[in-house]
Amino acid sequence: MIIGILDLQGDVEEHQLITEKTFKEMNIEGTTKLVNVLEDIKDCDGLIISGGESSTIGMHLKKTGIYEYIKTSGIPILGTCAGLVLLSEKTDQDQPLLGLINASVKRNGFGRQRMSFETDITFNNEEYHGIFIRAPYVDEISGDVEVLSKYDDKIIAVKQNQYMGIAFHPELTEDTLVHKVFLNEVLDYIA
Ligand code: GLN
């Protein structure tokens with residue numbers, strides 16, 4: 001299995017490290033690969049879009065043609081923080097979105113007073129410690145979107161088909177739970 005990590009902004013190396021740790025824990029023969037230009041993504045079985053500035057990342061996806069590739073190939077995606085914004089179909093700003101999850105997202109939704117914070121949450125019915133950095137939240141869902149986590153009555157993790165969007169930063173913890181759920185999704189998709 002090859003997991004591509006979009007190499008533009010954010011915790012790219014941390015995502016690589018935790019994905020490789022998850023391969024070991026799950027006994028998967030896998031490698032990670034940095035994805036920058038269109039050619040890079042073509043042999044990937046899944047893609048991770050990490051945090052950063054979602055509008056900048058969106059423009060990069062369009063410019064490189066990775067946007068079209070994602071839309072037509074159906075490649076499974078884990079989007080964290082800015083990645084969640086990009087996977088959604090609507091946000092409070094005008095910017096390129098992939099629209100692969102029927103969700104509307106509020107950028108920087110937790111406001112100034114809690115720009116960054118950590119808290120214990122439940123993810124996919126398991127205990128988890130979430131790290132939030134200028135995190136968005138989901139304020140509306142439709143269709144068959146599955147809610148994987150909520151905090152403060154706000155939806156902070158969703159999944160629809162082979163796409164998973166997370167408001168927090170799973171790459172900044174030692175816990176591989178989020179990456180495990182994603183790799184299982186990729187395994188199902190390529191089976
Ligand atoms: N607020 C950023 C955005 O919407 C995301 C922040 C992050 O990825 N840490 O683009």
Side-chain angles (χ1 to χ4, degrees), residues 3-19 32 34-36 41 46-64 66-67 70-71 76-121 123 128-141 145 147-160 163-179 181-182:
I3 297 296
I5 321 258
L6 190 70
D7 180 23
L8 184 68
Q9 301 185 324
D11 303 321
V12 173
E13 200 184 328
E14 287 82 354
H15 264 297
Q16 263 191 299
L17 291 172
I18 195 156
T19 305
T32 59
L34 298 183
V35 170
N36 211 299
I41 196 176
L47 179 72
I48 295 177
I49 303 179
S50 65
E53 214 47 55
S54 53
S55 35
T56 310
I57 301 173
M59 283 188 280
H60 179 79
L61 294 178
K62 284 247 167 174
K63 196 175 75 193
T64 52
I66 295 174
Y67 182 96
I70 287 173
K71 296 279 273 187
I77 300 179
L78 166 62
T80 63
C81 204
L84 161 66
V85 178
L86 284 158
L87 282 172
S88 69
E89 61 181 1
K90 216 172 116 204
T91 179
D92 43 345
Q93 291 178 33
D94 188 20
Q95 62 183 104
L97 297 174
L98 289 160
L100 296 167
I101 296 181
N102 294 134
S104 156
V105 167
K106 181 139 182 52
R107 283 180 70 177
N108 306 317
F110 289 97
R112 281 185 180 278
Q113 76 282 14
R114 282 198 301 201
M115 291 282 261
S116 301
F117 61 98
E118 298 187 19
T119 187
D120 290 328
I121 55 171
F123 176 82
Y128 188 81
H129 189 71
I131 299 178
F132 297 74
I133 304 170
R134 291 194 306 129
Y137 66 77
V138 174
D139 55 10
E140 218 182 296
I141 51 171
V145 176
V147 174
L148 299 179
S149 185
K150 273 186 168 188
Y151 170 68
D152 234 9
D153 282 336
K154 297 182 171 76
I155 299 171
I156 50 166
V158 284
K159 184 167 120 40
Q160 189 172 21
Y163 308 114
M164 197 163 101
I166 312 285
F168 45 91
H169 285 260
E171 76 284 6
L172 297 180
T173 66
E174 290 298 312
D175 191 335
T176 54
L177 175 62
V178 169
H179 285 71
V181 174
F182 177 58

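Keep in mind it's a predicted model, so treat the numbers as computed, not measured. Every number for a ligand or one of its atoms is a count from 1 in the order of the listing. Counting begins at 1 with the first residue of the sequence. Only this structure's heavy atoms are used, side chains among them; waters, hydrogens and symmetry mates stay out.
- Counting only distance, with no hydrogens or angles, the side chain of Asp152 and the backbone of Lys154 share no donor-acceptor pair below 3.5 Å.
- Here the protein heavy atom with the shortest distance to atom 1 (N) of ligand 1 is Asn108 OD1, 2.5 Å.
- Among all non-hydrogen protein atoms, the one lying nearest atom 5 (C) of ligand 1 is Gly52 O, 3.3 Å.
- Checked against a 3.5 angstrom limit, the closest N/O atoms of Cys81 and ligand 1 fall outside it.
- Within ligand 1, counting atoms from 1 as listed, the ones closer than 4.0 Å to a heavy atom of Arg134 are 1 (N), 5 (C), 6 (C).
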Does the pair Phe168 and Tyr128 meet the rule for a ring pair (Phe, Tyr, Trp, His ring centres under 6.0 Å), with working shown? CA-CA 11 Å; Phe168 45 91; Tyr128 188 81; 5.5 Å; yes

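- Heavy atoms of other residues, nucleotides or ligands lying less than 6.0 angstrom from CD of Glu140 number 12 at most.
- Within the 4.0 Å heavy-atom criterion, the part of Arg107 lying near ligand 1 is the side chain and not the backbone.
- Within a 6.0 Å radius of CG in Asp94, no more than 12 heavy atoms belonging to other residues, nucleotides or ligands are found.
- Ligand 1 places these atoms under 4.0 Å from at least one heavy atom of Ile133: 6 (C), 7 (C), 9 (N).
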Test log, rule side-chain hydrogen bond (donor to acceptor under 3.5 Å, both in side chains), inputs Glu171 and Ser50: CA-CA 9 Å; Glu171 76 284 6; Ser50 65; over 6 Å; no

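- The shortest N/O to N/O separation between Ser54 and ligand 1 falls below 3.5 Å.
- Short contacts between ligand 1 and His169, defined as distances under 4.0 Å to a heavy atom of the residue, involve ligand atoms 9 (N).
- Considering backbone and side-chain atoms together, Gly51 places no N or O closer than 3.5 Å to any N or O of ligand 1.
- Taking 4.5 Å as the limit, every side-chain heavy atom of Thr32 sits out of range of all side-chain heavy atoms of Ile48.
- Thr91 places a side-chain N or O within 3.5 Å of a backbone atom of Val105 that can act as its donor or acceptor partner.
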